[in-house]
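Written below as structure tokens is the structure these notes are about.
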Amino acid sequence: MNILLTGGCGYIGSHTAISLVNAGYDLILLDNFSNSETCVIDRIQKIAGKPIIFVEGDLRDSNLVSKTLKDNNIRGVIHFAGLKAVGESVKNPIDYFDNNVQCSISLLQAMIKNNIKKIVFSSSATVYGIPQYLPYDENHPTSAINPYGRTKLHIEEMLKDLANSDPEWTSIVLRYFNPVGAHKSGNLGEAPKGIPSNLMPYLVQVASGYLGALNIFGSDYGTRDGTGERDYIHVTDLAEGHVAALQFMFREQGWHAINLGTGKSTSVLELVHTFEKVTNKKIPLNLTSRRAGDLPAYFAKVSKAKNLLNWEAKLNLEDMCLSAWQSRKISIHE
Ligand SMILES: NC(=O)c1ccc[n+]([C@@H]2O[C@H](COP(=O)([O-])OP(=O)(O)OC[C@H]3O[C@@H](n4cnc5c(N)ncnc54)[C@H](O)[C@@H]3O)[C@@H](O)[C@H]2O)c1
């Protein structure tokens, strides 16, 4: 069965591609390489052990997307493509609405034209905003606190309206928590362009000597050790969650929001100490002031994913840290 992955050469898309090939799906990847490299295609093919169809282009080109859907007899779409840096979205909000919301409109128009009504969408825990209670369950009120989060909420709501307008639509909105780690081969990983804005790739660059020290933004929160707590999930577990979501999508209808996390919170210091233990590297730290917009702590309620998808995360924090470190040769752009 042919599935289109938008943004399929990015961090989560490339790992999901491996899990989907292993599960027997045929894939078409579409990417404009705004945040990935062409060499990822070879890496995916090498690990998957088979050729993958790839289309270079921008999702806002609805004619290209429509042609790709038609020529490849696509049955369903996983929509990863988007910009994802919160700080950048505050500085350039219109770029985020253009790239994230406009991309999604263009994709959905092309899907409607080709009568394809099955989509899995990469959303984020950021749509929950300031926690009214924890763990966040899927019924927690949504209220994004930055432009990035608002683009995710807009897209979620468009998908809900679409599902309400036509019962043949199925939209699975996956709300990711904090994906980290890399494929066990060490040949795929998180390879952001420029200075990483996420914790794990930053840690890897400090441990490799490319960056001097890790800045910890806030050590006076009311958390276990004063640093922020997040629900880190291994990207391989997340990838497997997409296989389960796709199977669910083809047997269900309507709009469904589902958390993908581990249900456990880990502080920045706990993550750093685990990283130091598995890599045998000492990480220099700078404890600095809190960053505007950061939440003290949040983590997922994961029972809906278990009940609906029969999926749960299996890998632990040591697996996450070790795999991120083992992929350093491909995740650092020199
Ligand atoms: N990584 C995280 O921490 C995280 C957490 C929650 C949600 N998400 C969401 O998951 C999705 C994937 O995240 P990721 O970490 O793999 O990001 P990523 O930047 O590694 O991958 C996104 C891919 O989409 C491509 N892309 C972007 N705009 C495009 C466009 N207009 N046309 C075609 N391709 C385009 C990029 O080149 C990149 O390869 C994103 O939508 C992101 O918002 C990520």
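Every number for a ligand or one of its atoms is a count from 1 in the order of the listing. All figures in this text were calculated on a predicted structure; none of them were measured in a lab.
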Next item on the list: Measure the distance from atom 28 (N) of ligand 1 to every protein heavy atom, then report the residue, atom name and distance (to 0.1 Å) of the closest one.
Entry: Asn99 ND2, 3.0 Å
Notebook entry, point to check: Salt-bridged, Lys282 to Glu276, with N to O below 4.0 Å?
Noted result: yes
Item checked: Pro179, Ala81, Ser106: member with heavy atom nearest to atom 3 (O) of ligand 1 -> Pro179
Next item on the list: Evaluate whether atom NZ of Lys304 has more than 12 neighbouring non-hydrogen atoms of other residues, nucleotides or ligands under 6.0 angstrom away.
Entry: yes
Next item on the list: Enumerate the atoms of ligand 1 whose separation from the nearest heavy atom of Ser36 is less than 4.0 angstrom.
Entry: 37 (O), 38 (C), 39 (O)
Check: Starting from atom 21 (O) of ligand 1, which protein heavy atom do you reach first, and at what distance in Å?
Finding: Gly10 CA, 3.3 Å
Notebook entry, point to check: So which protein heavy atom does atom 14 (P) of ligand 1 come closest to, and at what separation?
Noted result: Lys84 NZ, 3.7 Å
Check: With a cut-off of 4.0 Å, which atoms of ligand 1 are near a heavy atom of Arg60?
Finding: 31 (N)
Checklist line | Nitrogen or oxygen of Glu190 less than 3.5 angstrom from that of ligand 1 | finding: no
Item checked: ligand 1 atoms in contact with Ser124 (distance to a heavy atom under 4.0 Å) -> 6 (C), 7 (C)
Note to self: I need the nearest protein heavy-atom contact for atom 30 (C) of ligand 1: residue, atom name and distance, please.
What the structure shows: Asn32 ND2, 3.2 Å
Item checked: Set of residues satisfying salt bridge (charged side-chain N to carboxylate O under 4.0 Å, His left out) with respect to Arg224, sequence neighbours excluded -> Glu229, Glu270
Notebook entry, point to check: If hydrogens are left out, which of Phe80, Tyr11, Tyr232, Phe121 has an atom nearest to atom 41 (O) of ligand 1, that is, the closest non-hydrogen atom?
Noted result: Phe80
Checklist line | Which of the ligand 1 atoms, numbered from 1, are nearer than 4.0 Å to a heavy atom of Cys103 | finding: 30 (C), 31 (N)
Check: For the atom pair CG (Asn114) and CG (Asn73), what is the distance rounded to the nearest 0.5 Å?
Finding: 10.0 Å
Next item on the list: Can you establish whether the number of heavy atoms outside Asn286 located under 6.0 Å from its atom CG is more than 12?
Entry: yes
Check: Can you check whether His242 and Tyr176 have ring centres sitting under 6.0 Å from each other?
Finding: yes
Notebook entry, point to check: Which heavy atom of the protein is the closest neighbour of atom 38 (C) of ligand 1, given with residue, atom name and distance?
Noted result: Asp31 OD2, 3.6 Å
Check: What do we get for Thr6 next to ligand 1 when only non-hydrogen atoms under 4.0 Å count, side chain, backbone, both or neither?
Finding: neither
Checklist line | Lys46, NZ: over 12 other non-hydrogen atoms inside 6.0 angstrom | finding: no
Notebook entry, point to check: Atom CZ of Arg290 and atom OG1 of Thr227: how far apart are they, to the nearest 0.5 Å?
Noted result: 11.5 Å
Next item on the list: Examine the side chains of Glu240 and Ser19 and answer whether a donor and an acceptor come within less than 3.5 Å of each other.
Entry: yes
Notebook entry, point to check: Is Asn178 near ligand 1, meaning one of its heavy atoms is under 4.0 Å from it?
Noted result: no
Next item on the list: Quick one: look up the protein heavy atom nearest atom 24 (O) of ligand 1 and list residue, atom name and how far away it is.
Entry: Gly7 CA, 3.3 Å
Check: Would you say Trp255's side chain and Glu156's backbone share a donor-acceptor pair under 3.5 angstrom?
Finding: yes
Next item on the list: Using a strict cut-off of 4.0 Å, indicate which atoms of ligand 1 neighbour a heavy atom of Ser122.
Entry: 9 (C), 10 (O), 11 (C), 41 (O)
Next item on the list: Check if Ser14 has a non-hydrogen atom at a distance under 4.0 Å from any atom of ligand 1.
Entry: no
Check: Looking at ligand 1, does Lys152 have a heavy atom less than 4.0 Å from it?
Finding: yes
Margin query: Only heavy atoms of Phe33, strictly under 4.0 Å: list the atoms of ligand 1 that pass.
Written below: 37 (O)
Next item on the list: List the closest protein heavy-atom neighbour of atom 13 (O) of ligand 1: residue, atom name, distance to the nearest 0.1 Å.
Entry: Ile12 CD1, 3.7 Å
Notebook entry, point to check: What are the atoms of ligand 1, with element, lying closer than 4.0 Å to any heavy atom of Cys9?
Noted result: 39 (O)
Item checked: Residues forming a side chain to side chain contact (heavy atoms under 4.5 Å, CB included) with Thr6, sequence neighbours excluded -> Leu4, Leu59, Val77, His79, Ala81, Leu107
Check: Is the shortest distance from a heavy atom of Ser123 to ligand 1 less than 4.0 Å?
Finding: yes
Check: Mind checking whether Trp325 and Phe275 have parallel, tilted or perpendicular rings, split at 30° and 60°?
Finding: perpendicular
Note to self: Do Lys118 and Trp169 make a side-chain contact, defined as non-hydrogen atoms from C-beta onward lying under 4.5 Å apart?
What the structure shows: no
Note to self: Quick test of your reading of the structure: of Gly13, Gly82, Ala125, whose heavy atom lies closest to atom 22 (C) of ligand 1?
What the structure shows: Gly82
Checklist line | Trace of the ring pair (Phe, Tyr, Trp, His ring centres under 6.0 Å) decision for Tyr232 with Tyr298 | finding: CA-CA 10 Å; Tyr232 296 100; Tyr298 61 81; 9.5 Å; no
Next item on the list: Assign the ring pair His140 / Tyr133 to parallel, tilted or perpendicular, where the plane angle (0 to 90°) is split at 30° and 60°.
Entry: tilted
Notebook entry, point to check: What atoms of ligand 1 come within less than 4.0 Å of a heavy atom belonging to Ser34?
Noted result: 26 (N), 27 (C), 28 (N), 36 (C), 37 (O)
Check: What's the shortest distance from atom 42 (C) of ligand 1 to any protein heavy atom, and which residue and atom give it?
Finding: Tyr148 OH, 3.6 Å
